[in-house]
Q: 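Can you read through this structure? Questions will come right after.
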Amino acid sequence: MSWLKAFKSDKGKAVRYAPPPGPPPNLNAPPEWKPAPEASHTLGRYADATDDEYKAAERFCAQHPPEPPRLLPSHVVERIDAEGCRAWQIEYPLTPRFCGTISNVGDGKGSLGVVKISTEDGCQDVSLLSDLPILAGLYDIQGKLGVYYEVKILRMDGLIAIGSACRPYPQWRLPGWNRLSAGLHLDDLRKFFEDPDGGRDYACDPPLSRIAMGDTVGFGYAFALGTVFFTHNGVRLPDAFTGVYLPRERHDVYAAIGVEGRCEFEVNFGGDVFRWKEGNEWAWRVEGHVGTLAGGRGGADDELPTYEELRGHRSF
């Protein structure tokens with residue numbers, strides 16, 4: 001057969017190629033969490049918790065698995081609808097380690113739109129959590145970029161740490177030290193994620209050297225890649241951790257502020273103007289995500305009735 005006849009006889013046949021080696025890639029898979037690139041420190045720069053407290057926290061986490069994400073009660077969703085970001089508060093911890101006061105929005109002195117917290121010299125390491133999640137697994141993100149809140153430092157004779165945590169979290173441990181928790185510790189300016197040791201230096205340019213009175217530090221979480229980042233006086237710092245709290249639908253994540261010693265600070269969930277300007281945009285505010293289902297608002301009381309409930313109300 002000539003080359004012309006061979007060409008004509010092959011014309012119209014499907015051309016087949018060998019498949020590429022290896023399993024097909026999962027294009028929908030979330031990014032995997034990887035440790036931050038900075039070197040990890042074995043010890044803290046200034047002070048470390050005791051071994052007994054570390055072991056107690058490990059036992060606590062082993063005995064108490066993370067809570068699954070939940071729908072909020074309808075009255076809470078209605079409060080978010082009415083008050084917006086001002087609905088978020090800081091829970092008063094049920095532990096004698098906390099020595100101080102918490103004035104939430106609507107509690108008189110806290111009515112300006114921020115939560116005011118003051119602690120005394122005898123306050124030991126303790127984590128204060130928000131009463132509502134800032135990242136809620138069962139609720140739709142509504143096209144938002146992420147969530148954000150800020151802390152303004154008025155006094156820090158001890159230690160303040162800003163971050164996030166899933167419940168239950170050992171109250172005597174600072175944010176970032178244990179399971180599903182991230183934190184930036186403002187005494188040594190090291191970042192932590194599930195790191196019970198000395199944390200990692202925060203690689204910034206210019207370097208973040210100290211926190212002064214009047215400074216504002218913010219915590220942000222970007223939905224796209226599961227990224228935790230922080231801000232300082234309105235400037236977004238490099239990403240701290242990526243690939244955390246994923247898949248998002250599995251987690252309810254709460255704001256977590258750690259404190260020790262005599263301190264005074266304000267927590268702003270959006271009831272007042274953020275220093276980081278982008279945080280004031282709808283795309284970063286906690287309301288509009290938490291408490292909002294894909295088809296609109298929804299609380300635990302708004303779930304669809306079961307088949308048995310429908311059957312019992314059926315008229316023949």
Side-chain angles (χ1 to χ4, degrees), residues 32-69 90-100 102 117 119-131 133-135 151 156-202 219 221 226 228 230 240-241 243-246 250-263:
E32 294 183 1
W33 179 83
K34 295 181 181 179
E38 298 87 352
S40 178
H41 297 279
T42 303
L43 300 175
R45 181 175 295 173
Y46 298 118
D48 290 294
T50 66
D51 287 341
D52 288 343
E53 290 181 353
Y54 161 76
K55 293 176 182 178
E58 291 294 297
R59 290 194 299 269
F60 176 92
C61 291
Q63 295 169 3
H64 303 281
E67 293 180 357
I90 294 295
E91 283 190 343
Y92 198 96
L94 300 177
T95 171
R97 298 175 66 92
F98 179 76
C99 299
I102 299 175
I117 299 175
T119 58
E120 303 171 3
D121 290 329
C123 183
Q124 298 175 293
D125 288 352
V126 63
S127 281
L128 310 175
L129 269 59
S130 59
D131 61 339
I134 57 174
L135 172 66
V151 173
M156 191 173 71
D157 294 344
L159 178 154
I160 297 174
I162 175 173
S164 60
C166 292
R167 294 176 183 268
Y169 190 75
Q171 286 188 324
W172 63 94
R173 301 285 286 173
L174 297 178
W177 278 354
N178 288 94
R179 174 192 64 201
L180 294 173
S181 179
L184 176 62
H185 295 199
L186 304 187
D187 59 340
D188 55 15
L189 298 172
R190 289 178 180 172
K191 58 182 182 178
F192 296 76
F193 182 77
E194 297 183 341
D195 184 350
D197 297 321
R200 299 172 186 268
D201 295 325
Y202 204 158
F219 169 93
Y221 179 84
V228 168
F230 298 91
F241 303 101
V244 301
Y245 301 129
L246 294 176
R250 296 182 183 176
H251 305 286
D252 277 351
V253 184
Y254 298 78
I257 298 99
V259 62
E260 179 270 331
R262 190 175 185 85
C263 298

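Nothing here was measured: the structure is a model prediction, and the numbers come from that model. As a basis for the values below, the full set of heavy atoms in this structure was taken, side chains included, without hydrogen atoms, waters or symmetry mates.
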Q: Taking all non-hydrogen atoms of both residues, which atom of Asp252 and which atom of Cys166 are closest, and how far apart?
A: O-SG, 3.4 Å
Q: Which pair of non-hydrogen atoms, one from Pro96 and one from Cys99, has the smallest distance, and what is that distance?
A: O-SG, 4.0 Å
Q: If you compare all heavy atoms of Arg179 against all heavy atoms of Pro168, which two are closest, and at what distance to 0.1 Å?
A: NH2-O, 2.9 Å
Q: Checking Tyr254 side chain against Leu135 main chain: does a donor-acceptor pair fall under 3.5 Å?
A: no
Q: Just do the salt bridge (charged side-chain N to carboxylate O under 4.0 Å, His left out) check on Glu53 and Arg97 with the steps written out, would you?
A: CA-CA 13 Å; Glu53 290 181 353; Arg97 298 175 66 92; 3.3 Å; yes
Q: Return the OG1 to CG distance between Thr119 and Asp157, rounded to the nearest 0.5 Å.
A: 9.0 Å
Q: Does Ile134 form a side chain to side chain contact (heavy atoms under 4.5 Å, CB included) with Tyr221? I'd like the steps, not just the answer.
A: CA-CA 9 Å; Ile134 57 174; Tyr221 179 84; over 6 Å; no
Q: Do the side chain of Lys191 and the main chain of Ala240 share a donor and acceptor less than 3.5 angstrom apart?
A: yes
Q: Measure from the side-chain N and O atoms of Tyr245 to the backbone N and O of Leu180, and report whether any donor-acceptor pair falls under 3.5 Å.
A: yes
Q: Whether the side chain of Ser181 engages the backbone of Ser164 through a donor-acceptor N/O pair (distance < 3.5 Å, no angle test) should be reported.
A: yes
Q: Any non-hydrogen side-chain atom of Asn178 less than 4.5 Å from a side-chain atom of Pro196?
A: no
Q: Please determine whether side chain to side chain contact (heavy atoms under 4.5 Å, CB included) holds for the pair His185 and Arg190, giving the CA-CA distance in whole Å, both sets of side-chain angles, and the decisive distance to 0.1 Å.
A: CA-CA 6 Å; His185 295 199; Arg190 289 178 180 172; 5.5 Å; no
Q: In terms of ring plane angle, is the pair Phe241 and Phe193 parallel, tilted or perpendicular, where the classes change at 30° and 60°?
A: tilted
Q: Is a side-chain N or O of Arg262 found less than 3.5 angstrom from the main chain of Gly122, in a donor-acceptor match?
A: no
Q: So Cys123 and Val259, do their side chains get closer than 4.5 Å, heavy atoms only?
A: yes
Q: Using modelled atom types and a 3.5 Å cut-off, is there a donor and acceptor pairing between side-chain atoms of Asp195 and backbone atoms of Asp197?
A: yes
Q: Using side chain to side chain contact (heavy atoms under 4.5 Å, CB included), reason through Leu159 and Asp188 one step at a time and then give a plain yes or no.
A: CA-CA 9 Å; Leu159 178 154; Asp188 55 15; over 6 Å; no
Q: With rounding to the nearest 0.5 angstrom, report the CD to CD distance, Gln171 to Glu91.
A: 8.5 Å
Q: About how many Å separate OG of Ser127 and CD of Glu260, when rounded to the nearest 0.5 Å?
A: 12.0 Å
Q: Phe192 and Gly176: which non-hydrogen atoms are nearest, and at how many Å?
A: CB-O, 3.4 Å
Q: Taking all non-hydrogen atoms of both residues, which atom of Leu174 and which atom of Gly258 are closest, and how far apart?
A: CD2-CA, 3.8 Å
Q: I want to check something: taking the side chain as every heavy atom from C-beta on, are Phe60 and Tyr169 in contact at a cut-off of under 4.5 Å?
A: no
Q: With side chains defined as the heavy atoms from C-beta onward, is the minimum distance between Phe219 and Val228 less than 4.5 Å?
A: yes
Q: For Arg167, I'd like to know if atom CZ has over 12 heavy atoms of other residues, nucleotides or ligands within 6.0 Å.
A: yes
Q: Could you tell me if the side chain of Tyr202 sits less than 4.5 Å from the side chain of Leu189, heavy atoms only?
A: no
Q: With a 4.5 Å cut-off on side-chain heavy atoms, are Trp172 and Trp177 touching?
A: no
Q: Check whether any side-chain heavy atom of Ile90 sits under 4.5 Å from a side-chain heavy atom of Ile117, and report yes or no.
A: yes
Q: From Arg173 CZ over to Cys61 SG, what is the distance, rounded to the nearest 0.5 angstrom?
A: 8.5 Å
Q: Taking the side chain as every heavy atom from C-beta outward, state whether Met156 and Leu186 have any pair of such atoms under 4.5 Å apart.
A: yes
Q: Can you tell me how far apart OG (Ser130) and CD1 (Ile257) are? Round to the nearest 0.5 Å.
A: 7.5 Å
